[in-house]
Protein chains: 2
Amino acid sequence: MQAAVDLARQQGVRLTPVRLRTLEILLETHQAMGAYEVLERLAAEGFGSQPPVAYRALDFLVQHGLAHRVQRLNAFAACLTPGHDHAPAFLICRSCNKVAEADVPAIRDAVGQAAGDSGFSVERMTVEVLGLCDRCAAGAEVRP
Amino acid sequence: MQAAVDLARQQGVRLTPVRLRTLEILLETHQAMGAYEVLERLAAEGFGSQPPVAYRALDFLVQHGLAHRVQRLNAFAACLTPGHDHAPAFLICRSCNKVAEADVPAIRDAVGQAAGDSGFSVERMTVEVLGLCDRCAAGAEVRP
DNA sequence: ACCATCATGTTATAAAATCACCCATGGCAA
DNA sequence: TTGCCATGGGTGATTTTATAACATGATGGT
């Protein structure tokens with residue numbers, strides 16, 4: 001969290017109240033949150049209540065590497081290692097909906113090579129894995 | 001294409017007219033198509049004109065490995081190597097919007113191992129790479 | 001022929017995302 | 001100071017994507 005603030009200052013970008021609060025909200029849970037869910041929270045705290053408010057803040061965070069978008073869930077999650085310039089893989093538990101961020105450098109290499117062979121130049125990469133986390137695999141396969 | 005028909009017969013599933021036509025539509029282009037775009041085509045050919053018609057056909061194709069969903073584009077693309085039980089990576093050109101399917105077994109291994117280490121059991125995996133295809137990188141970086 | 005099952009069609013609605021416009025702030029140059 | 005303009009935020013409306021719920025029709029086994 002503090003890392004994020006530092007990083008923003010360092011990059012010379014403005015981590016305004018809405019943006020900061022949005023990041024905090026994401027950090028409060030390890031589950032990915034939908035934009036409208038975030039919006040609800042923001043609105044309850046006196047910020048704007050229309051979709052663009054949430055989308056703009058979230059887009060900003062993603063743009064600056066402070067959060068990630070989880071395509072499969074149409075949701076967002078705070079980045080756990082900001083500033084690390086990573087191509088993380090997301091481990092999405094289909095039972096409890098928690099999202100873990102795994103850094104798997106080998107993926108980047110493998111994809112880079114496969115793409116390079118066909119002349120494709122890689123810019124961004126998303127890896128999302130659906131399955132069961134250890135807790136859910138072990139016991140109650142239910143959503144909390 | 002013929003492969004798909006064979007595969008369906010072999011699996012004992014019904015490749016009905018809508019489903020077959022949907023697959024053909026996807027195969028006619030190498031670009032991923034949105035559900036509503038497919039729906040338009042289907043409707044113009046006398047099939048139903050409401051969203052569920054397209055979504056059901058597309059879901060069926062995805063379910064049976066004859067097509068893939070490209071999350072990043074909210075779109076669908078025909079599978080080029082059906083029956084191959086693969087976890088393909090998609091190379092999405094942000095200029096011409098074409099989608100190439102690359103089989104990169106190393107990814108599966110790397111992710112499987114990283115996930116296994118944390119007790120996560122993998123069920124499905126999607127890898128999507130955004131960038132420029134060779135043609136677009138070379139010349140006109142414009143959408144057709 | 002009968003029934004269970006699967007497939008299709010339709011209406012309606014939900015969920016996710018974007019557009020277009022306006023106003024406030026805050027830095028900066030004249 | 002004043003005027004300007006770039007950036008960010010607020011709001012209403014709309015577009016795009018996806019599903020729910022229900023009725024009808026086809027298919028295949030017995």
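Residue numbers start from 1 in every chain, and the chains themselves are labelled A, B, ... in the order their sequence lines are given, proteins ahead of strands.
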Salt bridge or not between A:Glu128 and B:Arg69? Use side-chain N to carboxylate O under 4.0 Å.
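Judged by the 4.0 Å cut-off on N to carboxylate O distance, A:Glu128 and B:Arg69 do not form a salt bridge.
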Is any side-chain N or O of B:Gln50 closer than 4.0 Å to OP1 or OP2 of C:dT10?
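For B:Gln50, the contact criterion (side-chain N or O under 4.0 Å from OP1 or OP2 of C:dT10) is not met.
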Return no unless some side-chain N or O of A:Thr16 is found under 4.0 Å from OP1 or OP2 of D:dG9.
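Affirmative; the distance criterion is met.
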Please tell me which of the listed nucleotides, [options], lies nearest to the side chain of [X]?
{"X": "A:Arg19", "options": "D:dA13, C:dA7, D:dG8", "result": "D:dG8"}
{"X": "B:Arg56", "options": "D:dG9, C:dT10, D:dT17", "result": "C:dT10"}
{"X": "B:Pro52", "options": "C:dG9, D:dG12, C:dT11", "result": "C:dT11"}

Identify whether any heavy atom of A:Arg14 sits under 4.0 Å from a base atom; if not, whether one sits that close to sugar-phosphate; answer base, sugar-phosphate or nothing.
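The answer is sugar-phosphate, as A:Arg14 gets under 4.0 Å only of primed atoms, P, OP1 or OP2.
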Touch check for B:Arg21, heavy atoms < 4.0 angstrom, all strands: base, sugar-phosphate only, or nothing?
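Nothing, no nucleic acid heavy atom in range.
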What's the [atom1]-[atom2] distance between [X] and [N], to the nearest Å?
{"X": "B:Leu73", "N": "D:dA18", "atom1": "CG", "atom2": "C1'", "result": "16 Å"}
{"X": "B:Tyr55", "N": "D:dA21", "atom1": "OH", "atom2": "C1'", "result": "18 Å"}
{"X": "A:Asp59", "N": "D:dG8", "atom1": "CG", "atom2": "P", "result": "13 Å"}
{"X": "B:Phe47", "N": "C:dA7", "atom1": "CZ", "atom2": "C1'", "result": "13 Å"}
{"X": "A:Leu20", "N": "D:dG8", "atom1": "CG", "atom2": "C1'", "result": "15 Å"}
{"X": "B:Glu45", "N": "C:dG9", "atom1": "CD", "atom2": "P", "result": "12 Å"}
{"X": "A:Arg72", "N": "D:dT17", "atom1": "CZ", "atom2": "C1'", "result": "17 Å"}
{"X": "A:Leu39", "N": "C:dA15", "atom1": "CG", "atom2": "C1'", "result": "13 Å"}

Answer yes if the ring centres of B:Phe76 and B:His68 are under 6.0 angstrom apart, and no otherwise.
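No: the rings miss the under 6.0 Å criterion.
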Reading DNA chain C from 5' onward, which residue's closest nucleotide shows up sooner: B:Asn74 or B:Val13?
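The answer here is B:Val13.
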I'd like a table of donor-acceptor pairs (distance under 3.5 Å, sequence neighbours excluded) in which one partner is a side-chain atom from residues 111-121 of chain A, with atom names and distances.
{"from": "A:Ser118", "atom 1": "OG", "to": "A:Ala115", "atom 2": "O", "distance (Å)": "3.0"}

So for A:Tyr36 and C:dA14, does any side-chain atom that can act as donor or acceptor lie under 3.5 Å from a complementary atom in the base?
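Answer is no: no donor-acceptor pair is held.
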For B:Pro51 and A:Gly46, take the nucleotide of DNA chain D holding the closest heavy atom to each; which residue's nucleotide lies nearer the 5' end?
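With B:Pro51 and A:Gly46 compared, the 5'-side residue is A:Gly46.
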Is a side-chain N or O of B:Arg94 found less than 3.5 angstrom from the main chain of B:Leu132, in a donor-acceptor match?
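No, the answer is negative, given that no donor and acceptor are paired below the 3.5 Å cut-off.
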To the nearest 0.5 angstrom, please state how far the CG atom of A:Leu39 sits from the OH atom of A:Tyr36.
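Going from the CG atom of A:Leu39 to the OH atom of A:Tyr36 covers 7.5 Å.
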